[in-house]
Amino acid sequence: MATPADLTVLEGPADRVAPLLLGAVLRHDGVAVRLTEVEAYGGADDAGSHAFRGRTPRSSVMFGPPGRLYVYFTYGMHHCANVVTGPEGSASAVLLRAGDVVEGLDLARSRRPGASDRDLARGPARLCRALALTREHDGVVLGEGTVELVPGPRPRVWETGPRVGLREAPDRPWRFWLPGEPSVSAYRPAARRPRRAGGRASEE
DNA sequence: ATGCTGATGGCCT
DNA sequence: GGCCATCAGCATG
C-alpha cells in the first residue's frame with residue numbers, strides 16, 4: 001500500500017490550484033484517469049459557482065475543507081465531480097472536465113458502451129461515468145477511501161479560456177487545459193434555451 | 001466539421 | 001416553475 005499522496009497543493013484558491021491538477025491522476029474502482037482539462041469555481045464573487053448564493057444542501061461540501069470530492073447531479077441524468085480546494089470556507093472547487101483513461105481501460109469501456117477510447121472521459125459527465133462516480137461520493141475525502149488523487153509533476157504549459165456551458169462570468173478565463181490533448185472538450189458557449197414559441201399557444 | 005434538440009430530475013426561488 | 005458546470009443523436013455543409 002503506497003503512502004498517501006501529498007495533497008497540500010489543494011490548499012490554495014481554485015483558480016490557482018486548477019492548472020496544477022492538469023496531469024494529476026484520479027483513481028476509483030478499477031479505473032484511473034489522467035486529467036487534461038479542469039475549471040475553477042468559487043470564491044467570493046463567482047456568479048457561476050454553485051456556492052454563489054450561499055450554502056445549500058447541494059453545495060455544502062464546497063464550503064468545507066479542501067481535499068474532498070464535490071459531486072453533483074444535473075440535467076436529470078449526469079454527474080459531475082469537483083475537487084474542493086482552499087481556503088476552507090471560501091467554497092472553492094475545481095471541476096474535472098476531461099482526462100485520459102490510464103488504467104482499467106476495459107472496465108472504462110464497459111461503462112461507456114459505444115464510446116471511442118478518446119471519448120471515454122472527455123467531458124465532465126463522461127469522466128464521472130468512466131470512473132463510476134456518483135452522488136454517493138459527494139464529500140468523500142481523497143486518499144482516505146476508495147477515491148485517490150495523485151498529483152503529477154507541476155505542469156509547465158497550459159492554456160486557459162472561458163468556462164464551458166456557463167451563462168455567468170464568460171469573461172473569467174477559469175478553464176485550464178493541456179495543449180494538444182485529444183480528450184479536451186470543444187468549447188461551447190452556454191446554450192440559450194429556446195423559449196417555447198411565443199406564449200402558450202402550444203398544446204399538450 | 002458545426003448546429004440544434006430532447007431527455008429527465010434535482011435544486012432553488 | 002424555471003433553470004441547469006451535459007450528452008447523444010440527428011441534421012446539415
Side-chain angles (χ1 to χ4, degrees), chain A residues 13-15 17-19 21-22 26 33 35-63 68-85 90-99 101 108-139 160-177 182-200 202-204:
Chain A
D15 59 314
V17 170
L21 291 181
L22 295 172
L26 186 71
V33 162
L35 303 175
T36 57
E37 180 188 2
V38 298
E39 281 174 359
Y41 285 89
D45 57 353
D46 179 12
S49 168
H50 287 170
F52 182 59
R53 303 192 185 274
R55 183 175 185 140
T56 67
R58 177 177 66 167
S59 66
S60 71
V61 171
M62 286 185 74
F63 289 81
R68 295 185 180 181
L69 226 45
Y70 164 48
V71 184
Y72 67 89
F73 180 68
T74 191
Y75 291 102
M77 61 190 99
H78 298 305
H79 296 276
C80 297
N82 301 247
V83 171
V84 177
T85 68
S90 66
S92 298
V94 175
L95 172 69
L96 310 179
R97 282 202 62 88
V101 174
R109 285 170 176 152
S110 74
R111 290 170 177 165
R112 305 233 341 120
S116 68
D117 285 356
R118 181 182 101 145
D119 284 349
L120 287 176
R122 181 176 188 249
R126 294 157 164 178
L127 181 147
C128 276
R129 181 122 186 173
L131 285 168
L133 293 174
T134 69
R135 282 233 67 184
E136 293 177 16
H137 307 283
D138 186 47
T160 71
R163 295 173 292 185
V164 174
L166 275 196
R167 308 174 341 152
E168 303 293 341
D171 50 303
R172 192 176 294 218
W174 276 11
R175 174 182 175 226
F176 303 84
W177 67 93
S183 60
V184 172
S185 52
Y187 173 67
R188 296 246 272 280
R192 6 167 235 169
R193 302 167 287 132
R195 326 187 72 159
R196 270 191 171 245
R200 52 168 88 198
S202 55
E203 51 205 84
E204 182 103 35

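Chain A is the first sequence line, chain B the second, and so forth, proteins listed ahead of strands; every chain is numbered from 1. What you see is a predicted model, and the numbers here were worked out from it, not measured in a lab.
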Within the stacking criterion (centroid distance below 5.5 Å, interplanar angle below 30°), does A:Y75 stack on B:dA7?
no

Whole Å only: how far is the [atom1] atom of [X] from the [atom2] atom of [N]?
X	N	atom1	atom2	result
A:H50	C:dC4	NE2	C1'	7 Å
A:H79	C:dC7	NE2	P	13 Å
A:D15	C:dA5	CG	C1'	16 Å
A:R126	C:dA8	CZ	C1'	8 Å
A:R175	C:dT6	CZ	P	11 Å
A:E39	C:dT6	CD	P	7 Å
A:F176	C:dA5	CZ	P	19 Å
A:R111	C:dC7	CZ	P	17 Å

Would you check if A:Y41 and A:H50 make a side-chain contact, meaning some heavy-atom pair closer than 4.5 Å?
no

Hey, does A:V38 have a side-chain heavy atom less than 4.5 Å from the side chain of A:L96?
yes

Counting only side-chain nitrogens and oxygens, does [X] get under 4.0 Å of the OP1 or OP2 atom of [N]?
X	N	result
A:T56	B:dC12	yes
A:R129	C:dT6	no
A:R167	C:dC4	yes
A:R53	C:dC3	no

Of the listed nucleotides B:dC12, C:dT6, B:dG10, the one nearest the side chain of A:C80
C:dT6

If you check the A:R112 side chain, which of C:dC7, C:dA8, C:dA5 turns out closest?
C:dA8

From [atom1] ([X]) to [atom2] ([Y]), nearest 0.5 Å:
X	Y	atom1	atom2	answer
A:R175	A:E39	CZ	CD	6.5 Å
A:S59	A:Y72	OG	OH	12.5 Å
A:H137	A:L131	NE2	CG	9.5 Å
A:L127	A:D119	CG	CG	12.5 Å

Which part of the nucleic acid does A:G48 contact within heavy-atom distance under 4.0 Å: base, sugar-phosphate only, or nothing?
base

Can you give the dot-bracket line for DNA chain B, using ( ) for pairs inside the strand, [ ] for pairs that cross earlier ones, | for pairs with another strand and . for unpaired bases, where Watson-Crick and G-U count if both distances are under 3.5 Å?
|||||||.||||.

Which sits closer to the 5' end of DNA chain B, A:M77 or A:R135, going by the nucleotide each is nearest to?
A:M77

What residue among A:R109, A:R111, A:R129, A:R126 forms side-chain contact (heavy atoms from CB on, under 4.5 Å) with A:L120?
A:R109

